[in-house]
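The analysis underlying the following values was restricted to heavy atoms, covering all of them including side chains, and did not include hydrogens, waters or symmetry mates. All ligand and atom numbering here is 1-based and tracks the order in the structure. The structure displayed is predicted, hence computed values, not measured ones.
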Amino acid sequence: MKALIFLGAPGAGKGTQAREVSKAFSIPQVSTGDILREAARKQAPMGLAAKADMEAGALVPDEVVCGIVEERIGEPDCRKGFILDGFPRTLAQAKFVDGMLEKKSFGSPLAVNIRVDEDILLKRLTGRRTCSVCGEIYNIYFNPPKKQGVCDRDGGKLLQRADDNEATIRQRLAAYENQTAPLIAYYRAKNLLHEVDGNQDPETIARGLVRFLRTV
Ligand code: ADP
Ligand code: ADP
């Protein structure tokens, strides 16, 4: 039973690596960003309320995301472990995770911090495309699909996220620096931090990460 937390700036590769780790260990990837986008797409009240913050590149209120995570983690497929992708993002959320894991008698979490040089984040984010069917993540610069705009796996249409534009990206990077980066020190102080060099190619990162996670 392990709770994994993926930390890293927008575009660091959290989603890409979480998909690989999820497959390797058969544990679910819980992405607050994906859940919020899906709720907005379905015009669910929670999604509609979060939409303005997401479009502005600001964080959604703690109560909203904590509620989402608590509900999702309560589902049976999370009993063996899970990956929190993009959560926690504030100190209040990190403390909420501590309380939630204790309540559920889970052990301590392990935070995986994916570090990437800031100058490449912009290109990763503006180049990101995601399959509308299977969620596979592409990049028009670094990992393009064989046929433009189409998923290699299932032919699904590739979409660009509304917040992956330069102005919103700047806001998201600022929110990361101000509100999320302090979590690195939080987990380091508890000896629960594993650092990953996210500048390498995705396959090399995934191989090293899976190998490391088999030892913990
Ligand atoms: P990225 O891939 O850039 O890391 P995400 O998909 O994780 O982005 O998040 C997209 C947006 O969803 C964020 O900019 C924020 O508005 C909202 N969001 C996602 N997770 C959280 C969270 N844990 N706390 C607050 N807002 C969140
Ligand atoms: P995050 O979830 O941290 O915002 P993603 O996993 O969605 O990041 O990756 C952001 C973009 O960068 C995507 O287009 C993805 O294909 C690309 N990417 C992810 N990891 C790497 C890597 N190691 N090298 C080059 N590009 C990458």
Mind checking whether I205 contacts ligand 2 via backbone (N, CA, C, O), side chain (CB onward), both or neither, at a 4.0 Å heavy-atom cut-off?
side chain
Would you check whether Y138 has a nitrogen or oxygen atom less than 3.5 angstrom from a nitrogen or oxygen atom of ligand 2?
yes
Could you tell me whether D34 and R37 have a side-chain N and a carboxylate O separated by less than 4.0 Å?
yes
Those residues with a heavy-atom separation under 4.0 Å from ligand 1 are P10, K14, T32, G33, L36, R37, M54, A58, L59, V60, V65, G86, F87, R89, Q93, R128, R161, D163, R172
In plain terms, say whether E20 and R207 are close enough for a salt bridge, that is, a side-chain N and a carboxylate O under 4.0 Å apart.
no
May I ask whether Q200 places a heavy atom under 4.0 Å from ligand 2?
yes
Distance in Å, L122 CG paired with E166 CD, rounded so as to fall on 0.5 Å steps
4.5 Å
Please check if any side-chain donor atom of D62 sits under 3.5 Å from a side-chain acceptor atom of T90, or the reverse.
yes
Taking the six-membered ring where the residue is Trp, are the ring centres of F25 and F82 under 6.0 Å apart?
no
Side-chain contact, heavy-atom cut-off 4.5 Å: L101 with P109?
yes
Please determine if D164 and R172 form a salt bridge, counting it only when a charged side-chain N lies under 4.0 Å from a carboxylate O.
yes
What atoms in ligand 2 come closer than 4.0 Å to a heavy atom of F142?
25 (C), 26 (N)
Once rounded to the nearest 0.5 Å, what's the spacing between atom CZ of R128 and atom OH of Y141?
13.5 Å
